[in-house]
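Beneath this line is the structure, given in structure tokens, with notes to follow.
Not measured: the values here are computed from a predicted model.
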Amino acid sequence: GERLLVVDAVAYYLPGRTASGLPVGPGVIAVDPSVIPLGSRVYVPGYGESVAADTGGAVKGATIDLWFPTRAQALAWGRRTVTITIH
């Protein structure tokens with residue numbers, strides 16, 4: 001089933017690869033796997049359908065990182081609290 005979770009969604013725009021080996025890109029988010037299992041499909045309001053495919057040093061608890069292709073887009077998102085749907 002689906003579940004809702006309130007998280008802090010933080011934008012970033014760095015190039016690279018994820019912890020799961022996928023390249024960073026649209027719809028690839030970083031999560032704390034103890035909260036959101038890697039491989040989960042997640043809907044983020046204002047960002048879209050995503051897959052939990054990365055972890056990050058600053059991603060602890062109910063926090064997710066959202067990749068954006070440019071610094072300007074990442075800054076426009078910034079950090080916001082959203083209610084996500086985990087499929």
(message) Looking at R80, I want to see if its CZ is surrounded by more than 12 non-hydrogen atoms of other residues, nucleotides or ligands under 6.0 Å.
(response) yes

(request) With V7 as reference, evaluate T83, I86, I84 under the side-chain contact (heavy atoms from CB on, under 4.5 Å) test and give the passing residue. (result) I84

(message) Please find the pair of heavy atoms, one from A53 and one from L38, that lie closest to each other, and give the distance.
(response) C-CD2, 3.9 Å

(message) Quick one, T85 and V42 - any side-chain contact, counting heavy atoms below 4.5 Å?
(response) no

(request) For W67 and G27, indicate whether the former's side chain and the latter's backbone hold a donor-acceptor pair under 3.5 Å. (result) no

(request) Give a yes or no on whether the backbone of T18 and the side-chain of D54 come within a donor-acceptor separation of less than 3.5 Å. (result) no

(message) For residues V51 and I29: do they belong to one hydrophobic cluster (side chain heavy atoms under 4.5 Å, members Ile, Leu, Val, Met, Phe, Trp, Tyr)?
(response) no

(message) Would you say L4 ends up clustered with Y47 if hydrophobic residues are merged whenever their side chains have heavy atoms under 4.5 Å apart, either directly or through other cluster members?
(response) no

(request) Establish, for the pair R79 and W77, whether the NZ or CZ atom is under 6.0 angstrom from the six-membered ring centre and no further than 45 degrees off its axis. (result) no

(message) Quick check: is L75 connected to Y13 through a chain of hydrophobic side chains (ILVMFWY, heavy atoms under 4.5 Å apart)?
(response) no

(request) Please name the residue in the list V28, V44, V31 that meets the side-chain contact (heavy atoms from CB on, under 4.5 Å) test with S50. (result) V44

(request) Can you spot which of V24, T55, V10, L14 makes a side-chain contact (heavy atoms from CB on, under 4.5 Å) with D65? (result) V10

(request) Compare every heavy atom of I36 with every heavy atom of I64, then report the nearest pair and how far apart it is. (result) CG2-CD1, 3.9 Å

(request) Mind listing the closest non-hydrogen atom pair of A52 and P37 along with its distance? (result) CB-O, 3.7 Å

(message) Is there a path of hydrophobic side-chain contacts, each under 4.5 Å between heavy atoms of I/L/V/M/F/W/Y residues, joining L5 to V59?
(response) no

(message) Testing the basics here: between A9 and V82, what is the closest heavy-atom pair and its distance to 0.1 Å?
(response) CB-CG2, 4.0 Å

(request) Begin from the C-alpha positions of E49 and H87 and carry the test side chain to side chain contact (heavy atoms under 4.5 Å, CB included) through to its verdict. (result) CA-CA 10 Å; E49 288 293 338; H87 302 290; 3.2 Å; yes

(message) Ignoring hydrogens, what is the shortest heavy-atom contact between T63 and A58? Give both atom names and the distance.
(response) CG2-O, 4.5 Å

(message) Regarding D8 and T81, do their side chains bring together a donor and an acceptor under 3.5 Å, going by distance alone?
(response) yes

